[in-house]
Amino acid sequence: MPISLYNSLTRRTEPFAPLDPQRVTMYLCGPTVYNYVHIGNARGPVVFDVLARLLRRHYPNVVYARNITDVEDKINAAAQREGVSIGTITDRYTHAYHEDMAGLGIVPPDLEPHATAHIGEIIAMNETLIANGHAYAAEGHVLFNVDSYPAYGALSGRDTEELIAGARVEIAPYKKNPADFVLWKPSTPDLAGWDSPWGRGRPGWHIECSAMCAAQLGETIDIHAGGVDLLFPHHENEIAQSTSAHGGKTFARWWMHNGMLTFDGRKMSKSLGNVLLVHELLKLHPPEALRLLLLRGHYRQPLDWSENAIQQATSTLDGWYRVLRDLAPIDIPSGGLPVPERIEAALCDDLNTPQALAELSQLADKARHSGSSEAKAVLLGGGALLGLLQQDPDAWLKRGENAVDAAHVDDLLEQRRVARGARDFARADAIRDELTAMGIVIEDGAQGTRWSVLKG
RNA sequence: GGCCUGGUGGCAGAGUGGUCAUGCAGCGGCCUGCAAAGCCGCGUACGCCGGUUCGAUUCCGACCUAGGCCUCCA
C-alpha cells in the first residue's frame with residue numbers, strides 16, 4: 001500500500017518514495033533540554049512515532065533520528081541561575097525527556113545525536129560555508145550570507161525583502177544583510193564555549209541540526225519533521241545552510257510539520273506561559289489517554305487541549321479495553337499481530353489518525369460482536385500500529401489500583417455476593433454505593449462481578 | 001501590513017459533488033432484583049452571501065470570524 005505524505009515544501013500531498021528503499025532516513029527536531037517539556041512539545045514525537053512505525057512496515061531499514069539540543073542560551077541561563085554546569089542541566093532534562101516520551105508510548109528513535117557531540121562537524125560546516133562564499137566571519141561571529149542563496153524563503157513562502165520590511169530581524173552592525181543569521185557566536189569566559197578558528201564560541205541555533213543530519217543520516221535525507229512553528233526561520237535556515245554546504249544537493253526531500261496544540265484556543269507555549277508539563281500530566285491522567293488525545297486530530301491541524309478532551313479519550317479507551325478484557329487471551333502469531341488494512345490505509349493517506357481511530361472503533365465493535373480470537377488479534381494489531389491497546393486490559397481498567405485497596409474491593413464484592421444470594425438487595429446496594437464512593441464501578445456478569453476504576 | 005491554515009450536529013473530529021464518518025455526552029426501549037456493561041433506536045451538522053451545476057457541506061468568488069508564522073518556540 002503506497003504511502004502519501006504532505007510535503008510542506010511543495011504544499012502538496014505526494015506519493016512517498018525514499019531515495020534509497022534500503023535505508024529510509026527521517027529526522028525530527030528534538031528538544032532543547034533546559035526544562036521539562038509540555039504536552040504540546042510531545043505532539044510531534046507522538047505523531048512521528050506513528051509515522052516511524054508505518055515506515056518500518058514498508059521498508060526494511062528505517063533510520064530515525066531525533067536530536068537533543070544541549071547547548072543553547074536558555075540552557076546557559078538555567079545553569080547560571082542554579083549555579084551549576086550546563087551538563088547538570090542538560091543531563092537532568094534529557095533524562096526527564098526520556099521518561100516523558102516513554103510514558104507516552106513512544107518508541108525511542110534509532111539515533112539521538114547531541115549537539116555538543118558534533119561541535120567538530122559544526123565548525124567544519126562553517127569553514128566550508130565560508131570557503132564557498134555562503135558565510136563570512138565578523139567580530140567573532142560567523143554569519144550565513146542570505147544573498148548567496150537565491151532560493152532562500154522557498155519553504156516558508158517569503159522573500160528577504162519582506163523580512164527586512166517587517167523589521168523584525170535583528171539589525172546588527174556586523175551583518176551584511178539584516179536577514180543574515182548566526183552560525184557561530186562568541187562566548188564570554190563564563191559561558192560554555194569551544195575553540196574555533198573565530199575564537200572561543202558556540203554554535204548558533206540552526207546549524208546544529210544541519211550538522212547532525214549530515215553526520216548521522218547523510219547529506220540528503222528523506223523526511224525532516226518538526227512543529228510548524230519551526231518552519232520559519234529554523235527550517236528555512238537549515239535548508240540554506242545544508243544545501244549551500246553540500247554543493248546544492250537537496251537537503252530534505254519531504255518536510256513535514258505538525259500543527260500546534262492549543263489551550264483555550266491559544267498556542268501552548270513556554271513564552272505564553274500556558275503550558276501543561278508532560279511530567280505532571282502523566283501523574284494526573286492515564287498515559288495512554290494522553291497519547292490517544294494527541295492522535296485524535298489530524299497532525300497538520302491545530303488541536304485543542306481540554307479537560308473534557310482527556311476525559312473523552314479515557315472513556316474511549318475504557319470501551320476498547322473492556323472488549324479486550326472480555327475476550328479470551330490469544331497467542332500472538334509468530335509473524336506478529338495482523339495489521340488491519342483499513343487502518344494502514346488511513347495512515348498511508350498522510351497519516352490520517354482520526355480515520356484510523358474510527359476504523360479501530362469498528363474493529364472493536366466487530367471483536368465484541370463476534371467474540372472471535374481472530375477479531376481480537378486484528379484489534380490488537382491495529383492498536384499496535386498506533387501504539388495503543390498494548391497493555392493488560394485489567395491493568396488499564398483497574399488503573400490506580402495502588403490508590404485503591406484491591407483486596408478491600410474484593411472483600412466488599414464478596415460480601416455483596418453473599419447479600420445478593422440471600423436476596424438482601426438493600427445491603428447489596430449499600431455496598432455498591434460504598435464502592436461508587438471509592439471511585440469503583442462494578443458490572444455483574446455471567447462470570448461474576450467485575451470492577452474497574454471510574455474515569456480519571 | 002505580508003505569508004499560511006481553519007470555521008462540520010451538545011463537545012471532539014474525519015470526509016465527500018447526489019444512502020452511513022467515528023468517539024464522548026444525551027434521550028427512548030430491551031436486558032438487569034436495581035445498576036453497570038451490552039444491544040436496538042433517536043436527534044433535519046456542515047460560518048454568511050453570491051456563482052458554477054440537474055444537484056454543493058464538498059468547486060469558484062466576496063464577506064465575517066478564529067488561529068499560526070513573520071522574534072525564542074514542537
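Below, chain A is the first sequence line, B the second, and so on; all start at residue 1.
Between A/Tyr299 and A/Arg325, the residue anchored closer to the 5' end of RNA chain B is A/Tyr299, taking for each the nucleotide with the nearest heavy atom. Checking A/Glu359 against A/Gly265, the closest nucleotide of RNA chain B that is more toward the 5' end is the one next to A/Glu359.
The side chain to side chain donor-acceptor pair (under 3.5 Å) contacts involving residues 28-40 of chain A comprise A/His38-A/Asn41, where partners must be two or more places apart or lie in separate chains. Evaluation of the ring pair (Phe, Tyr, Trp, His ring centres under 6.0 Å) test over residues 417-437 of chain A, restricted to residues two or more places apart or in two chains, returns none. The list of ring pair (Phe, Tyr, Trp, His ring centres under 6.0 Å) pairs with a residue in residues 426-450 of chain A, not counting sequence neighbours, is empty.
Nearest nucleotide to the A/Val441 side chain, out of B/C72, B/G68, B/A36: B/A36. Side-chain proximity of A/Leu261 to B/G2, B/A14, B/A74: nearest is B/A74. Side chain of A/Arg158, nearest nucleotide from B/A37, B/G2, B/G67: B/G2. Closest to the side chain of A/Ile442, out of B/G67, B/A35, B/A74, is B/A35. Counting only heavy atoms from C-beta on, A/Phe232 has its side chain closest to B/C69 among B/A37, B/G68, B/C69. Side-chain atoms of A/Glu443 lie closest to B/A36 of the nucleotides B/A36, B/C39, B/C72. Here the side chain of A/Lys267 is nearest to one of B/G2, B/A74, B/G15, namely B/A74.
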*Which dot-bracket string fits RNA chain B when only Watson-Crick or G-U wobble pairs with both atom distances under 3.5 Å count, crossing pairs get [ ], and | stands for a partner on a different strand?*
(((((((..(((.....[...))).(((((.......)))))....(.(((..]....))).))))))))....
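The closest side-chain heavy-atom distance from A/Ser306 to A/Phe263 is not below 4.5 Å. Using a 4.5 Å heavy-atom cutoff, the side chains of A/Val142 and A/Val182 are not in contact. Counting only heavy atoms from C-beta outward, the side chains of A/Thr353 and A/Tyr299 never approach each other to under 4.5 Å.
Judged purely by distance below 3.5 Å, without hydrogens or angles, the side chains of A/Thr449 and A/Asp444 pair a donor atom with an acceptor atom.
B/C72 atom C1' lies 14 Å from atom CG of A/Asn76, rounded to whole Å. One interatomic measurement links the two molecules: CG of A/Asn237 to C1' of B/C69, which rounds to 14 Å at whole-angstrom precision. We find that CG of A/Asn352 is positioned 13 Å from C1' of B/U16, with the value rounded to whole Å. In this structure, the CG atom of A/Leu231 is 20 Å from the P atom of B/G2, given to the nearest Å. Atoms CZ (A/Arg450) and C1' (B/G38) sit 13 Å apart, rounded to a whole Å. Taking atom CZ of residue A/Arg300 and atom C1' of nucleotide B/G15, one finds them 14 Å apart after rounding to whole Å.
Under the rule for a salt bridge (charged side-chain N to carboxylate O under 4.0 Å, His left out), A/Glu99 has no partner lying at least two apart in sequence or in another chain. For A/Glu82, the salt bridge (charged side-chain N to carboxylate O under 4.0 Å, His left out) partners two or more places apart in sequence, or in a different chain, are A/Arg92. A search for salt bridge (charged side-chain N to carboxylate O under 4.0 Å, His left out) contacts involving A/Asp392 returns nothing, not counting sequence neighbours. Partners of A/Glu280 by salt bridge (charged side-chain N to carboxylate O under 4.0 Å, His left out), not counting sequence neighbours, listed by chain and number: A/Lys283.
Relative to the ring axis of A/Tyr27, A/Arg66 does not place its NZ or CZ within 45° and under 6.0 Å from the centre. Under a cutoff of 6.0 Å and an axis angle of 45°, A/Arg158 and A/Phe232 form a cation-pi pair.
Of the candidates A/Val278, A/Asp100, A/Val46, A/Leu281, A/Leu290 forms a side chain to side chain contact (heavy atoms under 4.5 Å, CB included) with just one, namely A/Leu281. Checked options A/Leu292, A/Val378, A/Leu389; the residue passing with A/Leu360 is A/Leu389 (criterion: side chain to side chain contact (heavy atoms under 4.5 Å, CB included)).
At a threshold of 4.0 angstrom between heavy atoms, the contacts of A/Gly259 include nucleobase atoms, whether or not backbone atoms are also involved. Note on A/His369: only backbone sugar-phosphate atoms sit closer than 4.0 angstrom, heavy atoms only; bases stay farther off. Residue-level contact check: A/Ser361 touches the backbone only, with heavy atoms under 4.0 Å from sugar-phosphate atoms and none from bases.
To the nearest whole angstrom, the two P atoms, one in B/G47 and one in B/U58, are 8 Å apart. When the C1' atom is compared between B/G15 and B/A45, the two are found 13 Å apart, to the nearest whole Å. Here the separation of B/C4 from B/G43, taken at their P atoms, is 42 Å to the nearest Å. Comparing B/G17 with B/G23, their C1' atoms are spaced 27 Å from each other, to the whole Å. For B/U57 and B/C46, the P atoms lie 8 Å apart once the distance is rounded to whole Å. The gap from the P atom of B/C27 to that of B/A14 amounts to 27 Å, rounded to the nearest Å. Using P as the reference atom, B/G28 and B/C20 are 27 Å apart when rounded to the nearest Å. The same atom, C1', is picked in B/C49 and in B/G7; the two are 16 Å apart, to the nearest Å.
When atom types are taken as modelled, the side chain of A/Trp254 and the backbone of A/Leu5 share a donor-acceptor pair closer than 3.5 angstrom.
Scanning residues 35-50 of chain A for heavy-atom distances under 4.0 Å to RNA chain B yields A/His38, A/Gly40, A/Asn41.
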Output a table of nitrogen or oxygen pairs between the protein and nucleotides 59-61 of chain B separated by less than 3.5 Å.
none

Name the pairs: protein N/O against N/O of nucleotides 9-13 of chain B, kept only if under 3.5 Å.
residue: B/C11; atom: O2'; partner: A/Asn308; partner atom: ND2; Å: 3.0
residue: B/C11; atom: O2; partner: A/Gln312; partner atom: NE2; Å: 3.0
residue: B/A12; atom: O2'; partner: A/Arg296; partner atom: NH2; Å: 2.8

Tabulate atom names and distances for all N/O pairs under 3.5 angstrom spanning the protein and nucleotides 31-34 of chain B.
residue: B/G33; atom: O6; partner: A/Arg420; partner atom: NE; Å: 3.1
residue: B/G33; atom: N1; partner: A/Asp429; partner atom: OD1; Å: 3.0
residue: B/G33; atom: N2; partner: A/Asp429; partner atom: OD1; Å: 3.3
residue: B/G33; atom: N2; partner: A/Asp429; partner atom: OD2; Å: 2.5
residue: B/C34; atom: O2; partner: A/Arg432; partner atom: NH1; Å: 3.2
residue: B/C34; atom: O2; partner: A/Arg432; partner atom: NH2; Å: 2.2
residue: B/C34; atom: N3; partner: A/Arg432; partner atom: NH1; Å: 3.0
residue: B/C34; atom: N4; partner: A/Asp444; partner atom: OD2; Å: 3.1

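How far CD of A/Glu434 is from CG of A/Asp429: 13.0 Å, rounded to the nearest 0.5 Å.
Taking the ring centroids of A/His235 and A/Trp255, they lie under the 6.0 Å cut-off.
Phosphate proximity of B/G68 to A/Arg266: present, with a side-chain N or O under 4.0 Å from OP1 or OP2.
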